[in-house]
Amino acid sequence: MSLRLTVLGCAGTHPGPARMCSSYLLETPDYRLLVDCGNGSLSNLQQRWDVADIDAVLISHLHPDHFSDLYGLYYTLRFHPDGPLSVPVYAPGGAQRHLAQVVNDDGEFANRLHFHAASAGSRLQLGPLTLDLFRANHPVETLALRVATDRVVVAYSADSAATPALTEAARDADLFLCDATWLERHRPLPSGIHMTGAEAGRQAADAGAARLLVTHVIPSNDPAEVAAEAAANYDGEVLVANDMFSIEL
Ligand SMILES: [Zn+2]
Ligand SMILES: [Zn+2]
């Protein structure tokens, strides 16, 4: 079964000009999984889809650039012309209690977004997609993903510093969507948070991934320079995530 990935937001940490924060749509012919829902990404989603088309949402971790538009999604579902609608949301434990603090909650938040706790080491079967969850190397609990159909594998680092868990998550993947927030020339950089382009390239090479899609580049960095760093450490094809970039696998 084919799998299409569309980037709905790829800016790392904060939005940039015409660059929204992390969100990716994974589509088979009859199933749509939204991975992360960062600032502004709901606008991009609605350029081509209706929120009613989304079968499930997975939030990698509870940093605002990965969940902020869950609030917009909640209201879009609640006040949908065919609504009120709801969608399952898989996220690290405690997400509902944490996120509901921001809305004037009359109980509808949990009625529209059905939260399920997801943790590293577990497997989720979402429609035709099999998701294996890995622990990324990031300051809060963060889920890296290995998403498989019967034919293709896409891996997603979420936000992560280099870690053997990502090598496992992306082992022989057809596409590795990888954090490449930073550039080597800006060292020293904080440890245990993100990767440079060079580190993303090394992770992709270690995993034997067929293609690398660098993402989460902080808007103050040039994605082309980040990609060039990655390419120096990796023999496969390096692609650069941009909003609405789409690839069929
Ligand atoms: Zn982030
Ligand atoms: Zn983060």
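Start at 1 and go down the list; that is how both ligands and their atoms are numbered. Note that the structure is predicted; figures quoted are calculated from it, not measured.
- Listed by chain and number, the protein atoms of type N/O/S under 2.8 Å from the Zn ion (ligand 1) are D65 OD2, H66 NE2, D159 OD2, H216 NE2; waters are omitted.
- Between E199 and R187, at least one side-chain nitrogen of the basic residue sits less than 4.0 Å from a carboxylate oxygen of the acidic one, meeting the salt-bridge criterion.
- Between H61 and H63, the angle of the ring planes goes over 60°, which puts this pair in the perpendicular group of the 30/60° scheme.
- Between R123 and D132 there is a salt bridge, since at least one side-chain N of the basic residue sits less than 4.0 Å from a carboxylate O of the acidic one.
- Nearest approach of S157 to A144, heavy atoms of both residues: O-CB, 3.6 Å.
- For E225 and R185, the salt-bridge test passes: some basic side-chain N is under 4.0 Å from an acidic carboxylate O.
- Between the side chain of H66 and the backbone N or O of D36 there is no donor-acceptor pair closer than 3.5 Å.
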